[in-house]
Amino acid sequence: MKNIIIRADDLGYSKGVNYGTYESVKNGLINNVGVMVNMKDTLHGLDLLKPFDLDIGMHTVICAGKPLTDPEKIPSLVTSNGLFKPSKVYRTAGYDVVNLDEVIIEIEAQYQYFLKIVGKKPDYFEAHAVYSANLLKGLEVVAERHNLPLLPFDLDLNPVKFKNNTTITTFMDSMKPNYDPYRTFADTVKFALASPEDNVPMMVCHPGYLDQSIIQQSSLTIPRTQEVDFLCDPKVAQEIEDKGLHLVRYTELS
């Protein structure tokens, strides 16, 4: 039986995202959920998912909402109003705007709050939306400090090592024009069937319903609703069963 990861990111981003994630867990395929611990709707999202046995990851944030650190201590990460710089700043700056020492402070603060509100260490440990070499290095530092299962990220979605024996290859197309989650799923399944068992494909989804909060904060909108429908489509679940695939959780990997 070949493994396949289907993950939901962004729990806490808004109530609409939380409800879409809830639907994708209760009536869909999701058994791995990444939490944005700094958002105003984080506790709402976690409360919705309390009845379910899931892997919960820390989806570290430096480009949305408010930091958990005093903004004066992390000036490279925030705007003049004390909020995180938007992702556009990181994409267009032409250099790494993140100060390593500052991002370590914020990652540590988010990790400590994760422990408080989730009640356990994250089942995987990674970052939201932006690529920064210093952000990745900061994650490495905090992961080593607390013995956390770091899931590295690569801007070009190249394969990355997870834990000791697993390679993860990412399929994430939700920001691309004419996005179709069924097509991305087909590519993910094709890869799973053709690859060694220790090279696991991961389809990253961002399920959610649209509310004013997400429309104001995120450039990713309609694909979120498409993914809820896709993830709850019984035909997709049947295809996974028919092809002998296992929806693996990060805690099952070594």
Side-chain angles (χ1 to χ4, degrees), residues 7-15 17-18 21 32-50 54-91 93 95-153 160 162 204 206 213-214 216-218 250-251:
R7 182 179 100 201
D9 284 355
D10 293 357
L11 189 77
Y13 211 156
S14 76
K15 286 186 171 66
V17 168
N18 293 344
T21 305
N32 300 285
V33 175
V35 181
M36 302 168 73
V37 300
N38 69 310
M39 305 300 285
K40 65 182 180 64
D41 291 315
T42 299
L43 297 180
H44 172 265
L46 288 172
D47 190 58
L48 287 176
L49 298 187
K50 277 183 179 178
L54 302 164
D55 275 13
I56 303 293
M58 181 171 143
H59 197 48
T60 308
V61 184
I62 63 166
C63 64
K66 296 179 180 179
L68 299 186
T69 305
D70 180 349
E72 293 187 359
K73 296 181 179 179
I74 52 170
S76 74
L77 304 180
V78 297
T79 60
S80 59
N81 61 3
L83 300 178
F84 278 129
K85 293 176 179 177
S87 58
K88 182 180 180 180
V89 172
Y90 298 95
R91 292 195 301 267
Y95 65 98
D96 193 344
V97 302
V98 175
N99 176 280
L100 177 59
D101 292 334
E102 293 173 17
V103 82
I104 290 172
I105 293 171
E106 176 61 21
I107 295 169
E108 179 69 28
Q110 292 189 27
Y111 169 65
Q112 293 299 329
Y113 189 57
F114 183 100
L115 287 177
K116 179 180 177 180
I117 62 177
V118 178
K120 64 173 184 176
K121 288 185 175 183
D123 295 312
Y124 59 100
F125 187 67
E126 44 84 48
H128 167 76
V130 297
Y131 180 85
S132 154
N134 281 337
L135 171 58
L136 179 54
K137 180 61 178 176
L139 289 168
E140 291 173 352
V141 169
V142 177
E144 184 175 356
R145 180 185 293 168
H146 299 290
N147 191 28
L148 305 177
L150 176 66
L151 179 58
F153 58 95
V160 296
F162 180 65
V204 178
H206 305 80
S213 179
I214 200 67
Q216 289 178 333
Q217 295 181 87
S218 177
Y250 290 96
T251 49

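Since we're looking at a predicted model, the values are computed, not measured.
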J.: Identify the two heavy atoms, one from L148 and one from P122, that lie closest to each other, and give their separation to 0.1 Å.
T.: CD2-CD, 4.1 Å
J.: Can you list every side-chain hydrogen bond (donor to acceptor under 3.5 Å, both in side chains) pair that touches residues 32-41, not counting sequence neighbours?
T.: K15-D41
J.: Rounded to the nearest 0.5 Å, what's the gap from CD on Q110 to NE2 on H59? Could you check?
T.: 10.5 Å
J.: Please check: side-chain N/O of N18 versus main-chain N/O of G12, any donor-acceptor pairing under 3.5 Å?
T.: yes
J.: With sequence neighbours left out, write down each residue that passes side chain to side chain donor-acceptor pair (under 3.5 Å) with S14, or none if nothing qualifies.
T.: D211
J.: Once side-chain hydrogen bond (donor to acceptor under 3.5 Å, both in side chains) is applied, what residue pairs with a partner in residues 138-148 remain, sequence neighbours excluded?
T.: E108-R145, E108-H146
J.: Sequence neighbours left out, what passes side-chain contact (heavy atoms from CB on, under 4.5 Å) with A127? Give chain and number order.
T.: T60, L135, L139, F153
J.: Give, for atom CD1 of I74 and atom CD1 of I62, the distance between the pair rounded to the nearest 0.5 Å.
T.: 9.5 Å
J.: List the steps, then state whether side-chain contact (heavy atoms from CB on, under 4.5 Å) holds for V78 with L83.
T.: CA-CA 5 Å; V78 297; L83 300 178; over 6 Å; no
J.: Please enumerate all residues that pass side chain to side chain donor-acceptor pair (under 3.5 Å) together with D55, with sequence neighbours excluded.
T.: R249, T251
J.: Would you please name every residue forming a side-chain contact (heavy atoms from CB on, under 4.5 Å) with L115, sequence neighbours left out?
T.: Y111, Q112, K121
J.: According to side chain to side chain donor-acceptor pair (under 3.5 Å), who are the partners of K120, at least two apart in sequence or on a separate chain?
T.: D123
J.: Could you pull out the closest heavy-atom pair between V130 and S87, with the gap in Å?
T.: CG1-CB, 3.5 Å
J.: About how many Å separate CG of L68 and CD1 of I107, when rounded to the nearest 0.5 Å?
T.: 12.0 Å
J.: Might you point out which heavy atoms bring Y13 and S218 nearest each other, and give the distance in Å?
T.: OH-CB, 3.7 Å
J.: Could you please spell out the steps behind the side-chain contact (heavy atoms from CB on, under 4.5 Å) verdict for E126 and M58?
T.: CA-CA 6 Å; E126 44 84 48; M58 181 171 143; over 6 Å; no
J.: With Y250, which residues qualify under ring pair (Phe, Tyr, Trp, His ring centres under 6.0 Å), at least two apart?
T.: Y124, F162
J.: Tell me, which pairs form a side-chain hydrogen bond (donor to acceptor under 3.5 Å, both in side chains) where one or both residues lie in residues 63-73, sequence neighbours left out?
T.: T69-E106
J.: Looking only at heavy atoms, what is the nearest atom pair of C63 and H128, with distance?
T.: SG-CD2, 3.6 Å
J.: First locate atom CG of N99, then atom CD1 of I104, and finally report the distance between them rounded to the nearest 0.5 Å.
T.: 9.0 Å
J.: I need the single residue from D9, T42, T21 that forms a side-chain contact (heavy atoms from CB on, under 4.5 Å) with V35. Which is it?
T.: T42
J.: Grab the two heavy atoms, one from A64 and one from V61, that are nearest each other, plus how far apart they are.
T.: O-CG1, 3.4 Å
J.: Sorted by first residue and then second, give each side-chain hydrogen bond (donor to acceptor under 3.5 Å, both in side chains) pair with at least one member in residues 74-85; sequence neighbours left out.
T.: S76-E102, T79-N81
J.: Taking all non-hydrogen atoms of both residues into account, name the closest pair between V142 and F125 and its distance.
T.: CG1-CZ, 3.9 Å
J.: Quick one: list whatever passes ring pair (Phe, Tyr, Trp, His ring centres under 6.0 Å) with H206, sequence neighbours left out.
T.: none
J.: May I have the step-by-step check of side-chain contact (heavy atoms from CB on, under 4.5 Å) for V98 and L77, ending in yes or no?
T.: CA-CA 6 Å; V98 175; L77 304 180; 3.9 Å; yes
J.: Check side chain to side chain donor-acceptor pair (under 3.5 Å) between D96 and all other residues, then give those that pass, not counting sequence neighbours.
T.: S132
